[in-house]
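Written below as structure tokens is the structure these notes are about.
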Amino acid sequence: MMQELPMEAVVAIIAGVVVLLVPRILNYAIAAYLLLIGALGVLQFFYGQAIRPMPVLSIVAGAIVLIKPAILNYVVGIYLILVGLLEAGILRF
């Protein structure tokens with residue numbers, strides 16, 4: 001069954017379990033999740049695909065949360081708005 005799950009799903013499940021087990025490290029778990037998802041997206045470049053803006057956005061958001069954990073809610077809010085605009089095709093890079 002693990003072979004059927006995409007890596008992004010595995011990372012999300014692990015991050016969710018970590019947050020539930022140790023809630024005080026929420027900021028660092030979210031930062032690690034964003035960085036890993038971004039890195040997985042950028043790795044697709046090495047398999048001949050174009051770099052999409054969402055993995056880059058994830059890396060930037062993860063780095064900001066890692067550097068300044070106190071602003072997690074603002075970074076995640078802005079990240080989600082940008083992801084929504086990108087997915088809807090309203091914002092393009």
Considering only distance and modelled atom types, tabulate donor-acceptor pairs under 3.5 Å from the side chains of residues 60-67, sequence neighbours left out.
none

Donor-acceptor contacts under 3.5 Å from residues 33-42 side chains, at least two apart:
none

Would you give me the side-chain donor-acceptor pairs under 3.5 Å for residues 6-28, sequence neighbours excluded?
unit_1 : atom_1 : unit_2 : atom_2 : d
N27    : ND2    : P69    : O      : 2.7

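For residues 40-52, no residue pair satisfies the side-chain hydrogen bond (donor to acceptor under 3.5 Å, both in side chains) rule, not counting sequence neighbours. For residues 65-75, no residue pair satisfies the side-chain hydrogen bond (donor to acceptor under 3.5 Å, both in side chains) rule, not counting sequence neighbours. Pairs engaging residues 80-90 under the side-chain hydrogen bond (donor to acceptor under 3.5 Å, both in side chains) rule: none recorded [sequence neighbours left out].
Scanning for side chain to side chain donor-acceptor pair (under 3.5 Å) contacts around Y79 gives S58, with sequence neighbours left out. Partners of L91 by side chain to side chain contact (heavy atoms under 4.5 Å, CB included), not counting sequence neighbours, listed by chain and number: L82, L85, L86, F93.
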